[in-house]
Amino acid sequence: QLQVAESGGGFVQPGGSLRLSCTASGFTLDNYAFGWFRQVPGKEREEGEEVACISGSGLTTLYADSVKGRFTIGRDDAENSVYVTMNSLKPEDTAVYYCAAKYSPGSLRAEYACRPQSQFEYWGQGTLVTVSE
């Protein structure tokens, strides 16, 4: 069974950092695009913002304007996981963060592989990130 699971959420003060991990089971990372999405209170997960994504080849990435320069997505093939490092966190980054994967073979770049959100097939349960004083 193909699954992904997030870890690493928590409470952090503004300006702090967190690293979220998404571990895949039942499949390896190659040929799967992975995205990180966030859901704020009052909105459905499907209305969430895609904050970062990495292509199936692992060679290209995509970031929302709201997190560019602060978030970095990457792969750890040895751990079969995808991570997002979040720096300079702001209160508006508070959300439930979801990892999702979709089959994306070949060299399709992230800007094509990572959208639309509806094509992501495998979703984790989410991990809460709270940024507050």
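All values below come from the heavy atoms of this structure, side chains included, with hydrogens, waters and symmetry mates left out.
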Can you list every pair that meets side-chain hydrogen bond (donor to acceptor under 3.5 Å, both in side chains) and has a residue in residues 3-12, with sequence neighbours left out? none
Indicate if L108 and F34 have the same hydrophobic cluster label, given that clusters are the connected sets of ILVMFWY residues with side-chain heavy-atom separations under 4.5 angstrom. no
I73 side, atom CD1; L20 side, atom CG - distance, nearest 0.5 Å: 10.5 Å
Separation between OG of S88 and NZ of K90, rounded to the nearest 0.5 Å: 8.0 Å
Linked hydrophobic residues, L62 as query - side chain contacts closer than 4.5 Å: none
Assess whether atom CD of E44 is packed by more than 12 heavy atoms of other residues, nucleotides or ligands within 6.0 Å. no
Mark yes when over 12 heavy atoms from residues, nucleotides or ligands other than F11 sit less than 6.0 Å from its CZ; otherwise mark no. yes
In Å and rounded to the nearest 0.5 Å, what is the CZ to CZ distance from R115 to F120? 10.0 Å
Would you say M86 and W36 make side-chain contact, with heavy atoms under 4.5 Å? no
Counting C-beta onward and ignoring hydrogens, is there a side-chain heavy-atom pair between V4 and E121 closer than 4.5 Å? no
Atom pair CD (Q119) and SG (C114), whose distance is rounded to the nearest 0.5 Å: 10.5 Å
Side-chain polar contacts of residues 126-133 - donor-acceptor pairs under 3.5 angstrom, sequence neighbours left out - could you list them?
residue : atom : partner : partner atom : Å
T127    : OG1  : G9      : N            : 3.1

Residues 53-72 vs side-chain hydrogen bond (donor to acceptor under 3.5 Å, both in side chains), sequence neighbours excluded, gives R38-S66, E49-S66, S55-S57, S55-T60, D65-K68, R70-D93
CG (L29) and CG (D76) are apart, to the nearest 0.5 Å, by 8.5 Å
May I have all residue pairs that pass ring pair (Phe, Tyr, Trp, His ring centres under 6.0 Å) and include part of residues 77-106, sequence neighbours excluded? Y32-Y103
Are the side chain of N80 and the backbone of F27 linked by a donor-acceptor contact shorter than 3.5 Å? yes
According to a hydrophobic-cluster definition based on side-chain heavy atoms being under 4.5 Å apart (Ile, Leu, Val, Met, Phe, Trp, Tyr only), do V96 and L89 belong together? no
Judged by atom type as modelled, is there a donor-acceptor pair below 3.5 Å linking the side chain of K102 to the main-chain atoms of A113? yes
For V40, the rest of its hydrophobic cluster, which grows through side-chain links under 4.5 angstrom: none
